[in-house]
2 protein chains.
Amino acid sequence: MTKENIMEESLTLFANQGYENTTLANIADAVGIKKPSIYNHFDNKEAIFLSVLYHVAERESDYLISETSLSKDHTIAERLKHLYCTYLDHMSNSTEGMFFKRVTFFPPEDFSDDIQEVFLMIEKTLTDILVPILEQGIKEKVIRPLPTEQLTSAFYTLTNGLFLEENFYDKEVFHKRQEASWEVFWLGVQCPGKEE
Amino acid sequence: MTKENIMEESLTLFANQGYENTTLANIADAVGIKKPSIYNHFDNKEAIFLSVLYHVAERESDYLISETSLSKDHTIAERLKHLYCTYLDHMSNSTEGMFFKRVTFFPPEDFSDDIQEVFLMIEKTLTDILVPILEQGIKEKVIRPLPTEQLTSAFYTLTNGLFLEENFYDKEVFHKRQEASWEVFWLGVQCPGKEE
DNA sequence: CCTACCGATCGGTAGG
DNA sequence: CCTACCGATCGGTAGG
């Protein structure tokens, strides 16, 4: 029970301040115990981080699979847009998203191998959701017959770009950017002659 | 002279390790002086950061103006692509680029206002270069007649996305991503019926 | 520009 | 799960 509390509070602190700026005293305070009591549950600070990292990785994969997919009676455009919006909203507004952004973009040096492993795993989960939609879109002649690798690449660049921008614009401007960038992406990806 | 050395070495350390993980002892070692001597040139650690931040901001604006523009006897496509490639290459391979990436994505809390100011200033410099090219492109019917705000927005999202991806892919994969994402952007921005 | 030093805080330990 | 404590290191100061 206490162990789960330590992990939960550590996740929040790592997400908001980063690993290096979070002290064991911060964690103990958040949990409501004294600092040395943490050592009843974890060997050291690094062990807490790794435990949190792999736990979050699992939860994120589950989340992506269950929440970002849209049933097959929606159009390709709707399914792609839904994936885009849900993924962005999750990464912007959840503690897990913040944590994941931090550790992937500026990994604490000691853990860079573990973090890369987790990153590639989650990207693979997303790719597995994305590729069937794109292939279906190409088959229906809604999406240009470009290599799927190129299409997924452009999709990831789009979402990654908005991650960064989310830090600098207020909600309203960010939402305009999100829509504007999506529209240009969609124009690029759409089959010519199919514009609405 | 020593003051400039302190700023130069601090820039490198901040770029590679981040502000919080750089100690005054690190800086002093890199410069080749003892830690207290730093206080002959700066009031405290924060003053070093702000000094570096604004100095780099100026240099970056100058760089953008002088290096990313291409003379008017190139096509719109060439000028846009050149701006894109030059900007990305600079952000990926220079110490200044690394510094910017760090501070814009996870700003040290105490400086978030200053960092936002610098980010918006540099974005404005880039907008002033970008908008005339886009307007010319629309006039020549090479670029879709979308609002320039939407076109610049998509361009920034594209570069920001790659800006981050450069951190977690090797050079080869990154270069493929850079090309793939550009092509989709260009397809979205290009006037229909003008595809090469 | 240096030596010598400060109080605060870091991750972690001893011992109950 | 706690009190009491460790050596190392942090940003910063005194004084020359």
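Nothing here was measured: the structure is a model prediction, and the numbers come from that model. Convention: sequence-line order gives letters A, B, ...; per-chain numbering from 1.
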Q) In B/S/- notation, 5' to 3', how is nucleotides 5-11 of chain C contacted by protein heavy atoms closer than 4.0 Å? A) -----SB
Q: Determine the minimum heavy-atom distance between Leu162(B) and Phe174(B), stating which atoms define it.
A: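 Closest approach of Leu162(B) to Phe174(B), heavy atoms only: O-CE1, 3.3 Å.
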Q: Heavy atoms only: give me the nearest Thr152(A)-Glu149(A) pair and the separation to one decimal.
A: OG1-O, 3.0 Å
Q: Nearest whole angstrom, please: distance from the C1' of dG16(C) to the NZ of Lys34(A).
A: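 Spelled out: NZ on Lys34(A) to C1' on dG16(C) is 17 Å.
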**Q.** Length of the CD1-P vector between Ile33(B) and dT3(C), whole Å
**A.** 12 Å
Q: Grab the stems for DNA chain C, please: at least three consecutive Watson-Crick or wobble pairs, both distances below 3.5 Å, written as range with range.
A: C:1-16 with D:1-16
Q.
Which label fits Trp182(B) and Phe155(B): parallel for a plane angle under 30°, tilted from 30 to 60°, or perpendicular past 60°?
A. perpendicular
**Q.** Results of ring pair (Phe, Tyr, Trp, His ring centres under 6.0 Å) for His90(A) - residues two or more places apart only
**A.** Tyr63(A)
Q: Compute both the distance and the angle, then confirm whether Lys45(A) meets the cation-pi test with Tyr19(A): under 6.0 Å from the six-membered ring centre, within 45 degrees of the axis.
A: yes
Q | Whether Ser112(A) side chain and Pro108(A) backbone form a donor-acceptor pair below 3.5 Å | A |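 No; judged by distance alone, with no hydrogens or angles, the pair does not exist.
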**Q.** Arg102(B) vs Phe14(B) side-chain heavy atoms within contact, under 4.5 Å
**A.**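 Answer no - side chains too far apart.
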Q. Pick one: which of Thr127(A), Ile76(A), Leu80(A) meets side chain to side chain contact (heavy atoms under 4.5 Å, CB included) with Leu134(A)?
A. Leu80(A)
